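Reading through the structure tokens given below for one structure.
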Amino acid sequence: MQMKKTASRKTIPIRSLPFLLGLALAVPSARAVDRDFTACLDRLRLQAVQRGISKATFDTYAARIEPDLSVLESLDTQPEFKTPIWDYLAGLVDEERVQDGRAMLEQWRDVLQRVEERFGVDPATVVAVWGVESNFGRSLGQRPLLVSLGTLSCMGRRQDYFRGEFLATLKIIDEGHIAPERLNGSWAGAFGQTQFMPSTFLRLAVDFDGDGRRDLVDSVPDSLASTANFLRSGGWRSGEGWGFEVKLPPGFDISVAGRRNKHSMSMWIEHGVKRANGEPLPPDGPDRALLLPAGEKGPAFLVGKNFDVIYGYNAAESYALAIAHLSDRLRGGEGFRTPWPTNDPGISRVERRELQRLLIERGHDIGAADGMIGTKTRQAIAKEQQALGYEPNGRAGQRILEALRSMAKN
Ligand code: CA
């Protein structure tokens with residue numbers, strides 16, 4: 001869902017320190033902050049009641065929340081490290097997630113079949129979204145939703161937007177769908193196995209296990225059906241794939257690329273575009289756009305309407321490509337034919353944990369080897385890169401992993 005992909009929230013990125021220092025100088029006293037926050041909560045209580053939320057719900061779960069200032073920092077912090085698409089995909093679509101996803105397809109086969117019958121979205125696509133959004137329900141986010149959204153409703157940018165999400169959260173509690181203590185999520189309020197925002201929940205969540213509650217935290221059937229309902233409402237076309245990898249002829253004019261520039265298949269055929277394996281394109285079929293996520297030297301894709309629908313889940317082409325590719329892998333498909341234009345490919349989560357263990361063995365204090373590449377891991381990598389005479393960019397890639405492996409052997 002929107003607004004949740006940012007740098008690790010566990011540590012304070014170096015870049016935000018000047019921001020925090022500025023905050024400390026400019027901000028009024030803690031007592032004034034408390035007073036303003038309490039006044040803001042009083043106004044929210046009024047709005048909640050106007051929306052038909054019971055006073056008891058507000059008074060029990062929202063009236064006494066304390067602001068969490070760290071969410072404001074997440075709101076204003078740009079990720080300090082821009083992830084290359086090959087790193088992004090190497091972590092999201094690795095062998096581990098493909099195996100887990102295939103096991104989930106098997107385990108939830110009957111539910112997924114009924115989901116497809118009702119919503120028209122195929123099992124592999126639904127499971128791919130599930131795997132990327134919450135690692136199949138294993139990573140739901142830890143922050144109490146009412147605290148994060150209450151804070152963002154009263155402080156910082158976009159208070160109007162977050163107020164709507166805060167009130168939607170109360171509505172979810174009021175209607176009895178999910179217990180308040182289970183409503184934890186990202187700093188911006190995306191929660192549950194589908195990582196829906198609360199307002200998205202109210203619009204599109206589905207009770208599919210028939211217990212009368214729409215539960216995207218503890219019910220897998222509700223979560224799978226809600227994902228499919230989201231995609232269907234975005235205009236999903238049943239039986240039409242997202243697209244496929246292609247090969248461009250030498251000298252191809254890439255100015256026609258771009259997700260919004262859809263053209264007929266005959267136009268692409270005329271310009272010499274082929275399937276990635278060299279076979280001709282299917283002459284029929286819907287209009288498609290040319291996607292070049294890493295420019296003309298990287299893999300190329302023709303994508304259609306369903307790619308846009310996936311994009312609607314979290315507006316980033318890299319995200320949509322991760323879901324699309326994972327769905328192909330879950331159906332038994334291979335990796336991309338054309339390699340990414342880098343001599344230092346990305347690494348899987350298993351390799352990230354290995355890299356972190358090697359850094360720990362070499363005395364770097366980076367916390368646990370959890371596969372999450374945060375600021376501390378990047379700083380440790382940069383030190384090792386410097387010592388090796390590499391560019392010290394802090395990137396977790398194949399080259400530094402191999403260098404540390406061979407040093408560990410010697
Ligand atoms: Ca249910």
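Keep in mind that this is a model prediction, so the values were computed, not measured. Start at 1 with the first residue, then count along the sequence. Order of appearance sets the numbers: ligands from 1, and atoms from 1 within every ligand.
At most 12 non-hydrogen atoms from other residues, nucleotides or ligands lie less than 6.0 angstrom from OH of Tyr61.
Note on Arg259 versus Glu317: salt bridge recorded, some NZ/NE/NH1/NH2 to OD/OE distance being below 4.0 Å. Under 4.0 Å is where a charged nitrogen must lie from a carboxylate oxygen, and between Asp344 and Arg395 at least one such pair does. The pair Glu175-Arg213 does not count as a salt bridge, with every side-chain nitrogen at least 4.0 angstrom from each carboxylate oxygen.
Backbone or side-chain N, O or S atoms of Arg213 reach the Ca ion (ligand 1) at under 3.0 Å. For Asp222, the nearest N, O or S atom to the Ca ion (ligand 1) falls under 3.0 Å.
Nearest N, O or S atom of Asp211 to the Ca ion (ligand 1): atom OD1. Residue Asp207 approaches the Ca ion (ligand 1) most closely through its N/O/S atom OD1. The Ca ion (ligand 1) lies closest to atom OD1 when only the N/O/S atoms of Asp209 are considered.
A distance of 6.0 Å or more separates the ring centres of Tyr319 and Tyr311.
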